[in-house]
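Working notes, structure below.
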Amino acid sequence: MHLHDVWFVLIAVLWTGYFFLEGFDFGIGILTRPLARDRAERRVLINTIGPVWDGNEVWLLTAGGATFAAFPDWYATLFSGFYLPLLVILVCLIVRGVAFEYRAKRDDERWQRNWEHAIFWTSLLPAFLWGVAFANIVHGVKIDAHKEYVGGFWDLLNGYALLGGAVTLALFTFHGAVFASLKTVGPIRERARAFATRLGVVAAVLAVAFLAWTQGDSGNARSLVALLVAAVALALAIGANIAGREGWSFAFSGVTIAATVAMFFLSLFPDVMPSSLDSAWSLTVGNASATPYTLRIMTWCAAIATPLVLLYQGWTYWVFRKRIGTQHIAAADPAAGPSAGPSAGPSAGRPVEGAH
Amino acid sequence: MQLALEPLNVARWQFGVTTVYHFLFVPLTISLSALTAGMQTAWVRTSKDKYLRATKFWGKLFLINIAMGVVTGIVQEFQFGMNWSDYSRFVGDVFGAPLAFEALIAFFFESTFVGLWIFGWDKLPKKIHLACIWMVSIGTILSAYFILAANSWMQHPVGYHYNPKTKRAELTDFLAVLTQNTALAQFFHTMSAAFLTGAAFMIGIAAYHLARKQHIAVMRSSLRLALVVAVVAGALTAISGDTLGKVMFKQQPMKMAAAEALWDGQHSAPFSIFAVGDVNKGHNEVAIDVPNLLSFLATDNFTAYVGGINDVNKAEQQKFGPGDYRPNIPVAYWGFRWMIGFGVVSIGVGAAGLWLTRRRLWVAPEHRTGEDEVPRLMLTRGIGLGEGLSRWYWRLALLTMVFPLLANSWGWIFTETGRQPWVVYGVLRTKDAVSPGVSTGEVLTSLIVFTSLYAVLAVVEIRLMLKYAKAGPPELTDADRQPPTRIGGGSGGADTADDRPMAFSY
């Protein structure tokens with residue numbers, strides 16, 4: 001096996017990690033609107049991903065950085081070609097991160113409501129757009145002889161790609177609902193489960209249609225296996241959810257996402273970005289990759305760092321393994337109150353504090 | 001003809017805006033994580049309330065800051081591909097590796113352990129929780145190392161060869177990229193400047209509270225720690241700046257000639273403190289020069305020859321072919337001066353403070369102050385600064401908060417524009433690096449979107465920072481003082497606290 005094939009697999013692994021992890025935290029962000037009945041419940045949902053969302057997002061940065069290093073041409077063509085959708089995703093990720101951190105920092109109705117709107121939209125849009133992007137990659141886009149994307153913005157919003165977006169959106173929301181039922185306690189847990197069943201059915205319909213289309217469009221024997229795994233896992237996830245086996249349901253919704261990503265990459269191989277203009281102009285693992293020397297160094301780094309990352313990220317999930325309910329959410333931080341702090345009154349009147 | 005709105009210029013503006021903005025948060029993240037970790041270490045060792053309150057206070061400001069640092073960093077990771085695709089194709093084999101290392105090793109570290117630290121107060125035993133913030137600190141420093149090694153390669157490419165078949169730079173020696181003297185000097189300089197930045201931030205806020213005689217115990221400890229760090233880091237910034245300058249005189253003589261607006265080379269070259277008039281017309285209207293200093297700074301020899309802009313331009317024309325190899329001279333000249341000027345003032349305020357607030361050394365016993373008193377600013381053994389002057393010192397200290405931030409920004413503007421017209425010095429021109437397929441409309445859209453989004457977020461962030469900085473350290477509860485002894489929460493035995501609210505929640 002050539003090193004650039006290894007890196008093709010590793011890039012797939014990084015995207016799988018990203019969609020598996022940020023998938024449910026996008027889902028949680030989206031569910032803050034339809035699932036939570038009030039602010040306390042919204043906060044329960046947000047806090048299920050509180051300690052982990054930032055680490056989840058690094059899987060994207062690593063996928064980006066690794067693509068830059070291992071397949072410079074893939075990185076260059078993809079990000080300059082899908083310019084505007086990527087811009088929207090970046091803006092969403094910026095606002096989303098700030099929204100999580102800053103939402104509770106002021107005890108002010110309008111402030112909190114605005115950030116909650118932001119969390120919903122900035123979770124929904126990337127969940128949709130990543131599907132659009134990957135559908136386009138798999139289907140092939142207008143790439144010329146110089147490896148440049150020559151299509152326009154609207155070329156990216158074709159029917160197949162929009163269906164792809166709907167699939168990732170539905171899958172991530174389902175994954176998030178299952179995660180919510182696994183991580184919460186109280187009435188919201190039951191509602192999350194009931195909602196997950198309905199979302200699972202929607203996701204199943206969309207996913208089967210899209211994956212079958214993908215199989216017909218660019219599939220092969222290997223991708224068919226991935227398709228079947230995805231379909232069976234999704235059915236099992238829905239079944240486990242109905243049976244109240246939340247852990248199993250989450251594991252299977254995770255497998256569904258992993259198998260979907262696997263199907264994308266298996267359909268692609270050995271291309272990384274097929275050209276719809278002329279297959280001779282496609283970017284492949286061979287013509288888009290870095291030198292063997294760089295790939296070798298990267299392989300060493302990944303071989304050592306990735307297990308460690310999995311270990312300490314896994315440990316984080318174990319530390320925060322307890323379910324969260326509304327009773328665990330403290331009232332607002334005293335410093336977040338609108339009248340807190342010496343700024344609200346004459347500071348000279350404050351008592352001088354001594355050493356304790 | 002250079003059009004103002006051609007993609008190259010818009011892309012350059014976008015890189016400048018997003019990078020300078022990102023780097024407002026980076027040095028604070030690097031230094032405040034370590035300073036907060038230091039405070040928490042003091043608490044774990046002494047169990048004194050004031051250190052825990054200091055940890056919570058500075059930790060909160062650190063978190064408000066790192067949130068912005070993290071999200072603005074995402075843009076940096078993708079911007080190369082979006083706006084600089086020809087750059088990415090050309091350098092990816094070399095430049096991509098440190099970026100991937102940074103993500104795999106440093107970003108995961110930072111972001112995972114910061115989550116554990118934020119939410120871990122009631123979930124982790126004292127020492128493990130403390131270890132988390134140190135992990136964050138290590139992560140930020142590793143991250144800085146990798147990205148500075150990548151930038152150093154743009155300043156002085158090593159460990160690669162040009163492959164005419166693939167028409168790109170290809171890595172031949174990764175260790176050389178990571179350990180070349182440019183990378184080491186830049187890392188040393190950037191790291192010490194980062195600690196000067198965080199120290200000045202702490203000094204300013206502590207001075208604000210001490211001037212108002214509030215939160216004295218916490219702020220006094222914070223002030224002393226920050227003053228020591230400011231002076232040490234400041235001295236190291238100066239030393240490493242000198243080292244980096246000497247490296248640059250060898251590797252990029254044009255940048256340093258531009259920094260001095262030295263048009264024609266000379267022996268015993270003077271160092272210009274500042275110039276009046278148009279530096280584009282040369283050194284003729286210079287107000288203050290220090291004779292021979294430039295020669296010394298460049299070579300350690302007071303009479304050595306230093307090349308001027310015109311000489312270097314001619315030399316580069318012979319080496320690289322016809323063209324203009326001069327960067328924007330006024331930006332380089334003034335950027336260099338603002339960097340040094342703001343840096344030196346910060347160090348001066350720190351050094352003055354360290355002396356004035358000393359506790360025992362050469363201070364008459366009747367002027368000494370206790371841990372819970374505002375330190376009396378003492379000039380000599382028996383002479384203090386007096387009410388009015390003391391107030392002015394506290395004000396100046398507050399103002400000094402912004403000086404290192406300005407110095408950092410100008411430092412980057414200087415070193416990046418000073419390298420022009422090259423993006424990779426001597427190898428790839430900036431004009432050949434831009435994405436050929438991206439239209440002016442697209443790149444202009446993204447410049448406008450990022451600039452306006454960043455402006456809004458700046459207002460939000462600064463107001464939040466002010467609010468929490470003014471609110472002062474929080475009062476402690478018994479739960480704060482008694483962290484769990486088991487991982488996951490609780491302290492052994494029957495856990496009755498299952499329904500207790502989380503110590504921290506979003």
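By convention in this document, chain letters (A, B, ...) are assigned in the order of the sequence lines, proteins followed by strands, and residues within each chain are numbered from 1.
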Can a donor-acceptor pair be found, under 3.5 Å and without considering hydrogens, that links the side chain of A/Y102 to the backbone of B/I64?
yes
Go through the atoms of A/L61 and report whether side chain, backbone, both or neither lie under 4.5 Å from a heavy atom of chain B.
both
Quick check: closest heavy atoms across B/D86 and A/E148, and the distance to 0.1 Å?
OD1-OE2, 3.8 Å
Give the minimum heavy-atom separation between B/D499 and A/Q327, together with the two atoms involved.
OD1-NE2, 3.3 Å
Per-residue contact mode, B/S439 against chain A (heavy atom under 4.5 angstrom):
neither
Quick one: does any side-chain atom of B/R89 pair with a main-chain N or O of A/A288 as donor and acceptor, under 3.5 Å?
no
Nearest heavy-atom approach of A/Y293 to B/D173 is OH-CA, 3.4 Å
Looking at A/I329 and B/P501, what are the two nearest heavy atoms and their distance?
C-CB, 4.3 Å
Measuring only between side-chain heavy atoms, which start at C-beta, is A/E57 closer than 4.5 Å to B/I74?
yes
Count the heavy-atom pairs under 4.5 Å between each of A/A66, A/C301, A/A63 and chain B, then report the option with the highest count.
A/C301
May I ask you to decide whether A/K105 forms a salt bridge with B/E461, counting only side-chain N to carboxylate O separations under 4.0 Å?
no
Side-chain H-bond candidate by donor/acceptor type, B/Y506 with A/W53, under 3.5 Å
yes
Verify the neighbour count for atom CH2 of A/W121: are there more than 12 heavy atoms of other residues, nucleotides or ligands below 6.0 Å?
no
Measure B/L171 against the heavy atoms of chain A and call it side chain, backbone, both or neither at under 4.5 Å.
both
B/I118 portion near chain A, given a 4.5 angstrom heavy-atom threshold:
side chain
Please tabulate, for the side chains in residues 307-316 of chain A, all donor-acceptor contacts under 3.5 angstrom to protein atoms that are two or more places apart in sequence or on a different chain.
{"from": "A/Y312", "atom 1": "OH", "to": "B/F109", "atom 2": "N", "distance (Å)": "3.2"}
{"from": "A/Q313", "atom 1": "OE1", "to": "A/W59", "atom 2": "NE1", "distance (Å)": "2.9"}
{"from": "A/Q313", "atom 1": "NE2", "to": "A/G55", "atom 2": "O", "distance (Å)": "3.2"}
{"from": "A/Q313", "atom 1": "NE2", "to": "B/T112", "atom 2": "OG1", "distance (Å)": "3.3"}
{"from": "A/T316", "atom 1": "OG1", "to": "A/Y312", "atom 2": "O", "distance (Å)": "2.8"}

Need one label for A/I324: side chain, backbone, both or neither, based on atoms under 4.5 Å from any heavy atom in chain B.
side chain
Does any N or O in the side chain of B/E442 come within less than 3.5 Å of the main-chain N or O of A/Y83, such that one atom is a donor and the other an acceptor?
no
Give the ring-plane orientation class for A/F79 versus B/F78, where under 30° counts as parallel, over 60° as perpendicular and anything between as tilted.
perpendicular
Among A/V52, A/N56, A/I304, A/L86, which residue has the highest count of heavy-atom pairs closer than 4.5 Å to chain B?
A/L86
Above 12 or not: heavy atoms from other molecules or residues under 6.0 Å from CZ of A/R321?
yes
List the atom of A/L90, the atom of B/V75, and the distance in Å for their closest heavy-atom pair.
CD1-CA, 4.5 Å
Ranked by heavy-atom pairs below 4.5 Å to chain B, first place among A/G65, A/A290, A/P72, A/P51 goes to A/P51
Part of B/R220 within contact of chain A (heavy atom distance under 4.5 Å)
neither
